[in-house]
Amino acid sequence: MAAAVSAAVSFPSTKSTSLPCRTSIIAPERVIFKKVPFQYRDVSSSGRVVSIRAQVTTEAPTKVEKESKKQDEGVIVNKFKPKTPYIGRCLLNTKITGDDAPGETWHMVFSTEGEVPYREGQSIGVIPEGVDKNGKPHKLRLYSIASSAIGDFGDSKTVSLCVKRLVYTNDSGEIVKGVCSNFLCDLKPGSEVTITGPVGKEMLMPKDPNATVVMLATGTGIAPFRSFLWKMFFEKHEDYTFNGLAWLFLGVPTSSSLLYKEEFEKMQEKYPENFRLDFAVSREQTNEQGEKMYIQTRMAQYAEELWELLKKENTFVYMCGLKGMEKGIDDIMGSLAARDGIDWIEHKKKLKKAEQWNVEVY
């Protein structure tokens with residue numbers, strides 16, 4: 001059984017509302033020789049009939065189990081589907097960005113009563129209320145889960161999301177609001193939420209409690225890593241104690257957009273040998289060359305160290321957030337790999353196959 005230790009969730013009180021409350025590899029067919037009788041006429045033996053016992057047969061392919069390096073044992077996917085969803089309720093919804101941040105991001109907690117058994121790194125689908133312009137129900141949107149498997153309340157009966165409200169002006173000058181993000185950010189405690197899933201195995205945590213886990217996030221891409229870090233540092237588990245190194249890089253535009261900052265700083269203070277934390281605030285920070293501090297810019301400051309870590313079999317890299325971050329990171333790794341005469345794109349494929357390079361971008 002897992003139990004959450006005392007750890008406050010860093011939500012601003014002024015905006016908060018709450019209710020009381022295994023990969024299988026198929027081996028090639030094996031050719032096996034067995035003896036059975038058949039006859040032929042041997043002309044060199046004066047027409048004698050000579051019995052020879054021989055036969056070629058094939059057996060069904062043999063499955064070879066490849067043990068995953070991730071915590072995938074017993075993982076459940078798609079328990080709830082669009083036609084048979086789970087109906088939960090909003091327990092808490094709070095804005096976690098400052099008033100001067102470029103856009104709003106909200107942290108929300110939904111009840112599941114233990115019926116949506118997810119793992120750290122998985123996602124759930126949400127179907128917003130109402131219908132689209134054709135009068136059909138809205139399609140589901142997927143969101144990375146921001147809570148550990150036992151949830152923010154430690155009772156395995158809730159699931160949390162980190163959602164940015166999408167609002168933009170289109171080419172016609174009209175203000176457009178994202179259907180699902182605005183539905184979620186506007187939820188009041190007690191409101192029903194239509195949930196599907198859980199889904200996904202790409203971002204599951206590594207099994208090795210001594211692993212090095214490098215997490216690269218932009219904006220709400222922080223969600224799965226909050227779930228990782230809560231399990232590593234805010235909870236006690238009989239079957240899991242993290243003794244490795246967790247290194248988080250979080251990129252945001254402004255300091256008022258830093259998500260869960262107080263939580264992460266508390267972890268770093270309590271576990272300085274096991275947790276490293278680096279922020280990249282693009283509109284406020286620059287490097288020595290005067291370049292804006294994007295996540296790849298911050299990583300470049302530790303490039304040599306990161307490359308050496310990647311050479312180890314127990315280093316796992318996870319990337320979540322805006323798709324644009326991927327190219328910048330590839331550029332850094334490509335130049336480092338080239339020094340060792342390694343083609344980064346090919347090397348990255350090997351890392352992915354070994355489950356050491358995991359990406360979920362949008």
Side-chain angles (χ1 to χ4, degrees), residues 1-2 22-32 58-79 114 116-124 142 144-145 147-150 156 159 197-217 223-233 235-248 274-275 306-320 329 333 337 342-361:
M1 292 291 292
R22 295 177 207 301
T23 302
S24 295
I25 298 177
I26 305 302
E29 291 189 346
R30 294 183 299 158
V31 179
I32 297 176
T58 60
E59 285 189 353
T62 302
K63 291 184 178 180
V64 179
E65 294 292 336
K66 176 187 174 184
E67 185 177 354
S68 174
K69 296 179 182 179
K70 296 179 182 177
Q71 297 180 16
D72 66 343
E73 187 175 350
V75 170
I76 294 174
V77 295
N78 292 318
K79 179 180 179 180
V116 186
Y118 62 90
R119 294 283 182 86
E120 296 83 3
Q122 288 193 288
S123 302
I124 57 169
L142 289 176
S144 297
I145 296 170
S147 52
S148 72
I150 64 173
S156 300
V159 62
V199 298
K201 293 184 177 182
E202 171 75 12
M203 300 291 282
L204 295 174
M205 293 177 67
K207 290 177 181 176
D208 186 357
N210 300 306
T212 293
V213 183
V214 180
M215 297 159 283
L216 316 174
F225 307 139
R226 180 180 185 265
S227 75
F228 285 19
L229 293 166
W230 268 60
K231 181 172 184 176
M232 290 172 175
F233 301 122
E235 299 169 3
K236 300 296 181 184
H237 297 263
E238 293 179 359
D239 59 350
Y240 181 80
T241 300
F242 184 70
N243 297 309
L245 172 65
W247 192 350
L248 172 64
N274 302 97
F275 184 42
L306 288 168
W307 179 243
E308 289 303 313
L309 286 173
L310 266 181
K311 294 178 181 179
K312 299 180 180 180
E313 292 185 356
N314 70 336
T315 293
F316 298 81
V317 177
Y318 294 82
M319 185 190 312
C320 188
I329 292 168
M333 294 302 173
I342 297 173
D343 182 301
W344 168 244
I345 300 303
E346 291 302 313
H347 186 62
K348 186 169 69 169
K349 290 178 182 178
K350 293 178 182 177
L351 291 173
K352 285 183 175 181
K353 188 174 182 180
E355 301 179 293
Q356 292 180 255
W357 191 271
N358 309 278
V359 179
E360 191 172 85
V361 293

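Taking 4.5 Å as the limit, every side-chain heavy atom of Leu229 sits out of range of all side-chain heavy atoms of Phe242. Side-chain contact check for Gln356 versus Lys69: some heavy-atom pair is nearer than 4.5 Å. When side chains are defined from C-beta on, Met205 does not count as touching Val213, because their heavy atoms never get closer than 4.5 Å. The side-chain heavy atoms of Met232 and Tyr240, taken from C-beta on, include a pair separated by under 4.5 Å. Here the side chains of Met333 and His347 are not in contact, with every heavy-atom distance at 4.5 Å or above.
Among all heavy-atom pairs drawn from Glu360 and Ser123, the shortest one is OE1-OG, 4.2 Å. Smallest separation of non-hydrogen atoms from Lys79 and Ile76: CB-CG2, 4.0 Å. Gly121 approaches Ser227 most closely through the heavy-atom pair N-OG, 3.7 Å. Across all non-hydrogen atoms, the minimal contact from Thr241 to Pro209 is O-CB, 3.2 Å.
In this view, Asn358 and Lys70, Glu202, Met203, Tyr318 satisfy the side-chain contact (heavy atoms from CB on, under 4.5 Å) rule, not counting sequence neighbours.
Taking OH of Tyr118 as the reference point, atom CD1 of Ile124 lies at 8.5 Å (rounded to 0.5 Å). To the nearest 0.5 Å, the span separating CG on Leu204 from CZ on Phe316 amounts to 12.0 Å.
Heavy atoms of other residues, nucleotides or ligands lying less than 6.0 angstrom from NZ of Lys353 number 12 at most.
In this structure, the side chain of Arg119 engages the main chain of Glu73 through a donor-acceptor pair within 3.5 Å. Panel note: side chain Asn210, backbone Gly244; no donor-acceptor pair is recorded below 3.5 Å. A donor-acceptor pair under 3.5 Å is absent between the side-chain atoms of Glu120 and the main chain of Ser148, judged by distance alone.
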